[in-house]
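Working notes, beginning with the structure itself.
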2 protein chains.
Amino acid sequence: MNVMNASPRRKELTRLAAQLFVQEGFDRTTVRMLAQEMGIKSGSLFHHFKDKQEILAAVIEEGTQNALSIAKAALQECDNDPEARLHAMARAHLETLFADRNAHVVALFEWRRLDPDASAHLSHLRDAYEALWVEVIDDALAAELIHGDRFLVSRFILGALNWTVRWYDPSGPRTPDDLADELVAMIMAR
Amino acid sequence: MNVMNASPRRKELTRLAAQLFVQEGFDRTTVRMLAQEMGIKSGSLFHHFKDKQEILAAVIEEGTQNALSIAKAALQECDNDPEARLHAMARAHLETLFADRNAHVVALFEWRRLDPDASAHLSHLRDAYEALWVEVIDDALAAELIHGDRFLVSRFILGALNWTVRWYDPSGPRTPDDLADELVAMIMAR
DNA sequence: CATTTACACTAGCGCTTGCTTGGTTACTTA
DNA sequence: TAAGTAACCAAGCAAGCGCTAGTGTAAATG
């Protein structure tokens with residue numbers, strides 16, 4: 001077994017696992033199903049991962065790392081204009097949410113299945129991501145682009161964005177950018 | 001076993017099941033855990049419910065029925081003022097969400113575990129509830145209280161509201177009504 | 001008084017689960 | 001060419017799973 005390694009093989013297995021976890025849910029996904037999807041026998045799975053828990057942690061870590069770096073890049077690309085930053089953040093959120101949909105759905109809906117150790121470790125990653133949001137929202141409030149309680153506003157925005165995975169159809173006419181723009185327009189003071 | 005009965009005993013068992021489903025998730029909740037929580041042996045459980053699936057369906061049906069009747073009552077109590085109706089609907093949503101939190105969390109996050117028959121039956125209930133929302137939002141759009149695409153706006157609002165179950169702490173200083181008012185204030189054109 | 005009904009029990013069947021063990025194969029490196 | 005290593009497999013164990021069969025008992029019903 002490998003400790004925290006990121007071999008190409010393991011990355012590919014993680015990607016497949018994410019897909020199954022979304023399709024079936026973590027608990028209903030058996031190690032035999034995972035193995036079959038990966039084209040190996042169930043016993044061989046435990047050469048790559050210590051146990052089933054570690055597969056879940058790998059999926060979530062991968063997705064959250066991606067989201068974090070994409071959001072950081074998006075923020076750096078735009079000037080210090082609070083409105084541009086708000087737009088950029090919403091777009092980056094939805095972009096990564098649907099580019100890496102499986103991993104994020106797992107992160108959003110199977111987080112509770114993590115054991116305490118993995119959860120503690122990954123919480124730091126998630127907190128770092130949310131800190132970016134808080135900063136952007138604080139700036140938008142200071143510039144009076146939006147109004148209200150900073151805590152509530154950020155929760156509402158993240159809720160509206162995260163919930164999109166439950167209804168958004170990427171094959172439809174709307175792009176993720178359309179969604180982001182519409183949401184920002186909806187909450188902006190005019 | 002009882003077909004679609006709603007004896008007080010069954011209602012109480014359903015309430016306990018909802019609590020366990022929230023704590024552990026549907027898949028991880030075993031019939032033995034359910035039985036113990038109910039103070040009976042696991043075999044006796046199947047006198048009240050045909051199978052584990054039916055317990056899940058009972059939990060979700062109970063919660064959705066409640067939400068529907070509360071929302072209807074709230075809408076009837078206010079005049080035809082679109083703004084009052086928007087407020088009332090948001091308040092009713094959060095009120096029922098936290099009065100009957102366990103059932104609603106199960107409905108929101110364990111829906112996929114329903115078998116196709118139960119899902120089809122309960123979808124009608126949920127659709128009836130969402131139809132109330134669509135109507136209220138259409139009126140608000142017509143009155144120019146809010147702006148945007150009717151479909152997207154309703155999804156964003158419901159997303160923001162439903163996501164509250166992931167962070168709202170009822171023992172904190174804010175009431176569900178506070179949340180509803182803040183959300184409506186956030187999205188209203190000024 | 002006889003019968004039915006509601007509710008609970010004991011015992012366990014048949015199956016699936018996550019995971020382990022002991023060993024094989026193919027490729028890389030010294 | 002010998003040693004090491006990553007990747008895999010066949011076989012199966014112990015535990016836990018949903019659910020069933022058959023029985024007991026007290027209260028309601030005819």
Side-chain angles (χ1 to χ4, degrees), chain A residues 1-60 106 110 112-119, chain B residues 1-60 106 110 112-119:
Chain A
M1 83 207 77
N2 308 317
V3 182
M4 277 299 136
N5 96 352
S7 68
R9 182 74 177 131
R10 184 170 150 131
K11 259 202 163 176
E12 171 65 7
L13 297 183
T14 303
R15 207 185 53 80
L16 288 169
Q19 191 191 327
L20 261 181
F21 288 163
V22 170
Q23 241 172 65
E24 307 287 329
F26 176 71
D27 290 324
R28 282 170 118 85
T29 304
T30 69
V31 293
R32 286 166 179 82
M33 293 163 68
L34 286 165
Q36 188 172 29
E37 195 75 12
M38 297 165 177
I40 57 180
K41 299 294 174 180
S42 71
S44 312
L45 227 164
F46 296 91
H47 170 73
H48 300 278
F49 301 93
K50 155 169 158 284
D51 55 21
K52 197 186 165 192
Q53 276 283 330
E54 195 180 282
I55 309 181
L56 177 61
V59 168
I60 295 182
V106 171
E110 308 283 359
R112 297 181 26 194
R113 304 288 156 239
L114 288 169
D115 62 39
D117 282 351
S119 174
Chain B
M1 86 206 73
N2 309 316
V3 182
M4 277 297 136
N5 96 349
S7 68
R9 181 79 177 127
R10 184 170 149 131
K11 257 201 166 179
E12 171 64 7
L13 297 183
T14 303
R15 208 185 51 81
L16 288 169
Q19 191 191 329
L20 261 180
F21 288 163
V22 169
Q23 242 173 63
E24 308 287 330
F26 176 71
D27 290 323
R28 282 168 117 87
T29 304
T30 69
V31 293
R32 285 165 179 83
M33 292 165 67
L34 286 164
Q36 187 170 30
E37 195 75 12
M38 296 165 178
I40 58 180
K41 300 295 174 182
S42 71
S44 312
L45 224 163
F46 296 92
H47 170 73
H48 301 278
F49 302 93
K50 154 169 159 285
D51 55 20
K52 198 186 164 191
Q53 277 282 331
E54 194 180 281
I55 309 181
L56 178 61
V59 168
I60 295 183
V106 172
E110 308 284 359
R112 294 180 27 190
R113 302 291 156 236
L114 288 169
D115 62 39
D117 282 351
S119 175

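A note on names: the letters A, B, ... follow the listed sequences, proteins ahead of strands, and every chain is numbered from 1. Because the structure is predicted, anything quoted here is derived from the model rather than measured.
- Computed from coordinates, the R9(A) CZ to dA6(D) P distance equals 15 Å when rounded to whole Å.
- Counting to the nearest Å, the C1' atom of dA6(C) and the NE2 atom of H48(B) are 8 Å from each other.
- To the nearest 0.5 angstrom, S42(A) atom OG is 10.5 Å from Q36(A) atom CD.
- Taking the side chain to side chain donor-acceptor pair (under 3.5 Å) definition, one finds that R112(A) meets it with nothing, sequence neighbours left out.
- Screening residues 20-34 of chain B for side chain to side chain donor-acceptor pair (under 3.5 Å) gives D27(A)-R28(B), R28(A)-D27(B), D27(B)-R113(B) as the qualifying pairs, with residues at least two apart or on separate chains.
- Look at H47(B) and you won't find any side-chain N or O under 4.0 angstrom from OP1 or OP2 of dA8(C).
- Not counting sequence neighbours, E37(A) has no partner by the salt bridge (Lys or Arg N to Asp or Glu O under 4.0 Å) test.
- Within the structure, every side-chain polar atom (N or O) of R10(A) is placed at least 4.0 Å from both OP1 and OP2 of dA7(D).
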- Note on the structure: Heavy-atom contacts, protein to nucleotides 12-26 of chain C, under 4.0 Å, summarised as B (base), S (sugar-phosphate only) or - (none) per nt, yield B----BBBB------
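- Residues passing the side-chain contact (heavy atoms from CB on, under 4.5 Å) test with A17(A) are F21(A), L34(A), M38(A), I55(A), V59(A), sequence neighbours excluded.
- Residues from residues 34-41 of chain B lying near DNA chain C, meaning a heavy-atom separation below 4.0 Å, are I40(B), K41(B) in numerical order.
- In this structure, the side chain of E110(A) does not engage the main chain of L56(A) through any donor-acceptor pair within 3.5 Å.
- Taking CD from E54(A) and CG from L114(A), the interatomic distance works out to 12.0 Å, rounded to the nearest 0.5 Å.
- Classification of R15(B) and E12(B) as a salt-bridged pair holds, one side-chain N sitting under 4.0 Å from a carboxylate O.
- Taking atom CZ of F49(B) as the reference point, atom P of dG18(D) lies 15 Å away to the nearest angstrom.
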